[in-house]
Amino acid sequence: MKVNIHLNKRVAVIGAGLTLFRRRLLETPQEIAWEAASKALDEAGLELKDIDCVVIGSAPDAFDGVNLKGEYLSHGSGGIRKPVSRVYVGGATGVMTAIAGWYHVASGLCQKVLAVAEEKMSPDRPHPQAIFRYIWDPILEKPLNPNLIWIFAMEMHRYMATYGIKKEEIALVSVKNKRNAVNNPYAQLGSKITVEDVLKSEVLVWPVQLLDVVQLVMVGRQSY
Amino acid sequence: MNRIAIIGIGWFGFRSTTPEVSFREMVFEAASRAYKDAGNINPRNDVDSFISCQEDFWEGISIADEFAPDQMGGAMRPTMTVAGDALQGLAHAVMHINSGVANVVSIEAHSKVSDILTFSDLVKFAMDPIYVRSINPPNFHFIAGLDAVKFMQRKGITREDLALVVEKNKKAGLSSPRASYASNISAEDVLKKDYVVYPLSELDMAPFVDGAIVIVVADEEVGKKLKKDDYLVIKGLGFVTDSSNLETAELGKANYMRIASDMAYRMAGIESPRRYFDAVFVDDRYSYKELQHLEGLRVSEEPSKDLREGNLSPQGEIPVNPLGGHIAKGVPLEASGFSLLLDAIDYIKQGKGERALVASWRGIPTLTGSVVVVEKP
């Protein structure tokens, strides 16, 4: 396998935009994408006509309730009469969007790329977790009806047992990250909590408790 | 960008149903054949990155990309999904190689459309939920109907012309091993059919088909080492989305094909596509689309005239879909672009030509097209 340690071309990030992270935004997915895109264009001092290519990143189509979600999002992402494509690697899609933006430039195909990541999960009924019921192998796993937290619980158990990690240590991660978000205007879940708060929160699937996990938000985000 | 070599091809299926295999088994078959064709390479060592082209709703799985790696040999390796047509996946592979992160890339696309019970409803889910889906169209082909009428009025194209496209492609498909829907049908047979949506009958619409295709591409220098001169090169490519909102799109014109092909021609240094190519392999999932796309590609300014004069037939001046196109082979969902590319590769390898143009469309309700210029090194 080739390991690239000498990048052909350095690529600059020249603008970024972000929407609020909220439980329920009233804008459509296209509108969320455009809000972030226009902020990024403003910061870069560019207009849409200056953009060569658009890369879109978005995970399950069912979150937004739209099939061929990249096609639908392209209008809101500024992808009109331009090379547009959507990349997808499960939960890592956001970072993959930036990687794809990078190689659009580094390969020489484009000079200025708008990389857009969007997700709108609030339309899901009864809850976005229902979408995660359909991420499993349809023959071997789906009949068990697992959900994500069920899987996280098994993994957390194994991790704690293998490496001798305590619940209190894992709780510190939530304490740290929620505290760090208190002054972030885009964050909806920042708060000053203690390890005790985490350990007293509702048990979802042991050893995962409510304050160990993130609640779902919707967001649009872009960068060049 | 540097030229990229196509060094391995494998396919499986092209039948209306494939009950003996799952979609993953189908891709495994195609991948095994592609790696053998690429000089018996081992994907675990010899392939640097893996790309799958698929959409959640076609698979019936959320985060379907997680089901891509194993059957391609991509587990615990750089694997990603391009949620788009296979030719868009190919464009990403070309970028992987040109940006320096990979020398060899494997791309897969597949269709297990026979598993889909409510295809029409899934297409409606691809329409804008507020402005289009909410009118609850009884038939998603209505968009093709509007597009066709506008195109036909603008270019003076008749129903008989569309029937001639069906006759030409169904007959041409008889020489392809992948054309499950080829037949010796006549234009009169097409004209006798009732309309599904004016001006299109059932025979004007390509059926859907199961299939999997895997293509291995490489930096040309690596390709030479693996295959000597037994490879083809990608000299140019482009992919473009027109306005994806139907209410702001320009129906009746394939703007996406025009912009994508201009991009590909610029890359390949082509000034006169009509003279440059020996054959054209273009999306014809609706009969009128073949003619509309030829106009968009600058291959024919008067496609109905070219059609009637036989210029587009397999023995004509510029053969279009000489192995049948989608009308004869069926539409394998996101593998559609590769299905046309596969025909182009076969055509060149059979010695019928040296330079081919491949142009794919993602179907209703999209306005996205991809173009590839493929030729002998």
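Naming: A, B, ... by sequence-line order, numbering from 1 per chain.
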What residue, out of [options], has the most heavy-atom pairs lying under 4.5 Å from chain B?
| options | value |
| --- | --- |
| Val66(A), Asn67(A), Ile56(A) | Asn67(A) |
| Leu68(A), Ile131(A), Val54(A) | Leu68(A) |
| Asp64(A), Val105(A), Ile99(A), Val89(A) | Val89(A) |
| Ile80(A), Ile139(A), Leu73(A), Val84(A) | Val84(A) |

What do you reckon, are the aromatic ring centroids of Phe50(B) and His96(B) less than 6.0 Å apart? no
Cation-pi between Lys142(A) and Tyr134(A): NZ/CZ under 6.0 Å from ring centre and within 45° of the ring axis? yes
May I ask you to check if Arg86(A) and Tyr88(A) form a cation-pi contact, with NZ or CZ under 6.0 angstrom from the six-membered ring centre and within 45° of the axis? yes
For [X], which atoms come within 4.5 Å of any heavy atom of chain A: side chain, backbone, both, or neither?
| X | answer |
| --- | --- |
| Asn255(B) | side chain |
| Ile61(B) | both |
| Ser370(B) | neither |
| Ala64(B) | backbone |
| Ile130(B) | side chain |
| Arg258(B) | neither |

Report yes or no: does Lys39(A) contribute a side-chain atom to a donor-acceptor pair with the main-chain N or O of Trp34(A) at less than 3.5 Å? no
Side-chain donor/acceptor of Asp137(A) to backbone N/O of Leu140(A), under 3.5 Å: yes
In this structure, are over 12 heavy atoms from other groups packed under 6.0 Å from Glu25(B) atom CD? yes
Contacting region of Thr28(A) [heavy-atom separation from chain B under 4.5 Å]: side chain
Which atoms of Pro138(A) approach chain B - backbone, side chain, both or neither, heavy atom under 4.5 Å: side chain
Using 30° and 60° as the class limits, which term best fits the ring planes of Phe119(B) and Trp58(B): parallel, tilted or perpendicular? parallel
Shortest non-hydrogen contact from Met263(B) toward Phe239(B): SD-N, 4.0 Å
